Amino acid sequence: MATTTTMSHQAIGSIVSHRPFKASQFLKEPLNVPMKFRPKRFKIEATASQISVVDNTFLSPTKNRPQVSKKKSNEAALILIRHGESLWNEKNLFTGCVDVPLTQKGVGEAIEAGKKISNIPVDLIFTSSLIRAQMTAMLAMTQHRRKKVPIILHNESVKAKTWSHVFSEETRKQSIPVIAAWQLNERMYGELQGLNKKETAERYGTQQVHEWRRSYEIPPPKGESLEMCAERAVAYFEDNIKPELASGNNVMIAAHGNSLRSIIMYLDDLTSQEVTTLDLSTGVPLLYIFKEGKFMKRGSPVGPTEAGVYAYTKRLAQYREKLDAASQATLD
Ligand SMILES: O=C(O)[C@@H](CO)OP(=O)(O)O
């Protein structure tokens with residue numbers, strides 16, 4: 001196994017895009033175009049009002065998307081969840097872009113994560129195209145008090161889009177669009193995929209394997225470094241998710257240890273050195289508030305009734321009050 005230190009963006013695009021899910025059709029651009037250059041240290045460079053309009057046609061209400069009403073608020077909640085334990089996490093195998101499901105423990109973690117965020121508004125869900133992230137998002141939403149129905153959008157072909165159309169405006173209002181994007185997939189782990197992590201550390205040395213797993217610049221053999229993963233995940237976040245937050249839509253992202261590390265690096269403005277110590281647990285939701293073009297980290301809600309979370313902003317408190325009032329009305 002040879003360590004690859006460089007890899008063209010074109011090559012990454014073509015490897016990651018082997019999946020039948022064709023995000024390119026949503027984005028109206030080929031997957032193999034060289035990715036945009038992103039600075040190593042990401043900056044939030046624009047205020048909400050300055051954020052440029054991007055190609056959002058796949059999200060358009062006219063394009064078979066359950067409608068998310070555009071709100072006037074300049075504040076929105078952003079929830080990040082790493083998927084629950086997968087069958088390969090349990091076996092301690094490098095997983096990357098291999099599409100394995102959750103274990104029973106992972107199912108439980110996703111449900112617990114859902115309880116913690118059950119009083120936080122969610123208007124839109126983004127997941128990777130991998131089943132462990134999608135299972136986590138769906139299971140978490142079974143716990144939400146608002147009881148809206150998450151619906152996975154199928155825009156991969158005209159037929160898929162037409163055949164999944166929802167004809168009732170009222171039903172659409174009671175739905176949450178779920179957008180699956182390969183750009184949010186786990187880092188592509190190259191020749192480590194399927195290998196046992198402990199055995200790999202014994203073979204190549206703990207230090208080498210730690211660098212492959214946690215460094216910013218060093219890619220695993222024939223795989224993506226965190227930097228490469230950031231180039232597609234952060235670009236997707238900036239182009240597709242940030243504009244939704246800027247419009248006041250509350251967003252949940254269910255993704256992976258490394259795709260989320262790269263997004264957190266961007267949100268928290270971490271250096272390439274600082275990100276090496278960032279490690280995410282499975283099934284732990286993290287809350288950010290997006291306001292006036294800035295992301296404010298609010299940590300992980302400990303429980304659904306945790307007063308502190310709802311004191312973060314007036315809007316969150318009001319949302320929770322409405323849910324409480326609705327539950328009370330049902331009981332009366
Ligand atoms: O195997 C993987 O895909 C990831 C996440 O489980 O592992 P690591 O913690 O090494 O980044």
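Each ligand, and each atom within it, is numbered from 1 in the order the structure gives. Remember, predicted model here, so these are calculated numbers, not experimental data. Each residue takes its place number in the sequence, starting with 1.
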Task: Residue that, paired with Thr282, satisfies side-chain hydrogen bond (donor to acceptor under 3.5 Å, both in side chains) out of Glu85, Glu109, His256 - done: Glu109
Open item on the list: Taking the side chain as everything from C-beta on, heavy atoms only, tell me whether Glu231 gets closer than 4.5 Å to Glu224.
Closed with: no
Open item on the list: Residue-level breakdown please: for His210 versus ligand 1, do any non-hydrogen atoms fall below 4.0 Å on the side chain, on the backbone, on both, or on neither?
Closed with: neither
Task: Arg82: numbered ligand 1 atoms lying under 4.0 Å from its heavy atoms - done: 5 (C), 6 (O)
Task: Residue Asn89 vicinity, atoms of ligand 1 by number, heavy atom under 4.0 Å - done: 6 (O)
TODO: Considering the heavy atoms of Glu186, write down every atom of ligand 1 situated less than 4.0 Å from one of them.
DONE: 3 (O), 4 (C), 5 (C)
Task: Rounded distance (nearest 0.5 Å) linking atom CZ of Arg298 with atom OG1 of Thr313 - done: 8.5 Å
Task: Atoms in ligand 1 flagged as close to Phe94, the criterion being non-hydrogen separation under 4.0 Å - done: 1 (O), 10 (O)
TODO: Have a look at ligand 1 and work out which part of Asp279, if any, has a heavy atom under 4.0 Å from it: side chain, backbone, both or neither.
DONE: neither
- [ ] Assess Gly96 for proximity to ligand 1: is some non-hydrogen atom of it under 4.0 Å away?
- [x] yes
TODO: Could you tell me which atoms of ligand 1, counted from 1 in the order shown, lie closer than 4.0 angstrom to a heavy atom of Asn258?
DONE: 11 (O)
Open item on the list: Minimum distance, heavy atoms only, to atom 7 (O) of ligand 1: which one of Lys197, Arg213, Arg187 is it?
Closed with: Lys197
Task: Ligand-side contact atoms (ligand 1) for residue partner Leu93, heavy atom cut-off under 4.0 Å - done: 1 (O)
Open item on the list: I need the atoms of ligand 1 closer than 4.0 Å to a non-hydrogen atom of Arg214, numbered in the order shown.
Closed with: 8 (P), 9 (O), 11 (O)
Open item on the list: Using the side-chain contact (heavy atoms from CB on, under 4.5 Å) definition, which of the options Leu260, Thr271, Leu270, Val234 pairs with Met265?
Closed with: Leu270
TODO: Please examine the side chains of Leu192 and Pro221, heavy atoms only from C-beta on, and report whether any two atoms are closer than 4.5 Å.
DONE: yes
Open item on the list: Between Lys198 and Glu202 (salt bridge meaning N to carboxylate O under 4.0 Å), is one present in this structure?
Closed with: yes
TODO: Work out which heavy atom in Asp268 is nearest to a heavy atom in Lys297; give both atom names and the distance.
DONE: OD2-NZ, 3.1 Å
- [ ] Look at the side chain of Asn258 and the backbone N and O of Arg261, then say whether any donor-acceptor pair between them is shorter than 3.5 Å.
- [x] no
Task: Side chain, backbone, both or neither: Tyr189 near ligand 1, heavy atoms under 4.0 Å - done: side chain
